[in-house]
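Down below is the structure, laid out as structure tokens.
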Amino acid sequence: MAQRLVLQRLLSLTPRTLPSQGPRVLPGRAFSTSVGCRSTFNVQDGSDFQDRVVNNPKPVVVDFHAQWCGPCKILGPRLEKMVAKQEGKVQMAKVDIDDHTDLAIEYEVSAVPTVLAMKNGDVVDKFVGIKDEDQLEAFLKKLIGA
């Protein structure tokens, strides 16, 4: 009996009819697909890496990581935040080494996280392991020439 009363109360709290004027927009929610918001991307395959990293006219930071890697989970968001602060002067490619072993071998990645700085298709700098925000900022400024 008590369960029936709880169920009736829950059902009375939920809306029974939806507006027929189209999609409902929740206040305070925004969705954007502008190019400026996409400074970080996941590499899909070797040809995607070639197109979006090697042939990119902008400098690209390549984050070789793995899902099981604890330090990668710390460095990844920190690096994404620092790349976003550069306001489009640099892009960031994320490469999961378990999905793209061939790329990891080609770029001699022997430990994760490994981060490469690429300019005009060439590796110009790299580091392995975690860095703090000051070190990441210096790494990025060196890459973009600021």
Side-chain angles (χ1 to χ4, degrees), residues 6-7 9-146:
V6 170
L7 184 58
R9 282 189 184 164
L10 284 174
L11 290 174
S12 70
L13 295 175
T14 59
R16 294 179 190 252
T17 59
L18 295 175
S20 60
Q21 297 103 320
R24 194 169 121 185
V25 177
L26 297 175
R29 304 279 177 140
F31 181 75
S32 174
T33 58
S34 66
V35 175
C37 295
R38 287 185 265 153
S39 57
T40 300
F41 57 90
N42 290 317
V43 171
Q44 303 302 313
D45 55 31
S47 65
D48 185 44
F49 186 86
Q50 185 72 29
D51 291 342
R52 297 172 80 182
V53 177
V54 176
N55 297 335
N56 198 328
K58 290 184 181 181
V60 181
V61 172
V62 184
D63 177 20
F64 285 93
H65 66 96
Q67 294 294 323
W68 46 263
C69 168
C72 298
K73 293 177 183 180
I74 296 168
L75 179 68
R78 189 180 290 174
L79 190 55
E80 286 179 39
K81 178 180 155 188
M82 298 305 292
V83 166
K85 281 186 179 180
Q86 302 304 315
E87 299 174 340
K89 295 177 189 163
V90 64
Q91 292 190 322
M92 180 174 162
K94 297 183 69 67
V95 179
D96 188 319
I97 63 162
D98 293 326
D99 294 338
H100 307 292
T101 311
D102 54 333
L103 288 172
I105 292 168
E106 182 179 344
Y107 287 92
E108 300 174 357
V109 174
S110 58
V112 286
T114 294
V115 177
L116 306 180
M118 295 187 70
K119 207 179 231 185
N120 301 320
D122 296 323
V123 177
V124 295
D125 201 359
K126 86 182 248 184
F127 68 84
V128 178
I130 295 182
K131 301 286 183 198
D132 64 29
E133 288 190 7
D134 292 340
Q135 293 169 314
L136 293 176
E137 188 173 358
F139 180 79
L140 291 173
K141 284 188 176 183
K142 182 179 173 188
L143 176 60
I144 61 175

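Sequential numbering from 1 along the given sequence is applied to the chain's residues. Since the structure is predicted, the reported quantities are computational estimates derived from the model, not experimental observations.
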Could you grab the distance from atom [atom1] of [X] to atom [atom2] of [Y], nearest 0.5 Å is fine?
X: Leu136; Y: Glu80; atom1: CG; atom2: CD; answer: 12.0 Å
X: Phe139; Y: Ile144; atom1: CZ; atom2: CD1; answer: 11.5 Å
X: Lys81; Y: Met92; atom1: NZ; atom2: CE; answer: 13.5 Å
X: Leu140; Y: Leu79; atom1: CG; atom2: CG; answer: 6.5 Å

Closest non-hydrogen atom pair between [X] and [Y], with its separation:
X: Val90; Y: Val83; value: O-CG1, 3.7 Å
X: Lys73; Y: Gln67; value: CE-O, 2.9 Å
X: Lys131; Y: Arg78; value: O-NH1, 2.8 Å
X: Val60; Y: Asn56; value: CG2-ND2, 3.6 Å

(message) Any heavy-atom pair between the side chains of Arg52 and Phe41 that's under 4.5 Å?
(response) yes
(request) Kindly indicate whether the side chain of Leu75, heavy atoms from C-beta on, has any atom under 4.5 Å from the side chain of Phe127. (result) yes
Under 3.5 Å, sequence neighbours excluded: what are the donor-acceptor pairs made by side chains of residues 104-123?
unit_1, atom_1, unit_2, atom_2, d
Thr114, OG1, Ala111, O, 2.4
Lys119, NZ, Leu143, O, 2.7

(message) Between Asp63 and Lys94 (side chain of the first, backbone of the second, donor and acceptor by atom type, cut-off under 3.5 Å), is there such a pair?
(response) no
(request) Assess whether side-chain contact (heavy atoms from CB on, under 4.5 Å) is satisfied between Asp96 and His65, documenting all intermediate values. (result) CA-CA 5 Å; Asp96 188 319; His65 66 96; 4.1 Å; yes
(request) Please identify each residue that fulfils side-chain hydrogen bond (donor to acceptor under 3.5 Å, both in side chains) with Glu137, with sequence neighbours left out. (result) Lys141
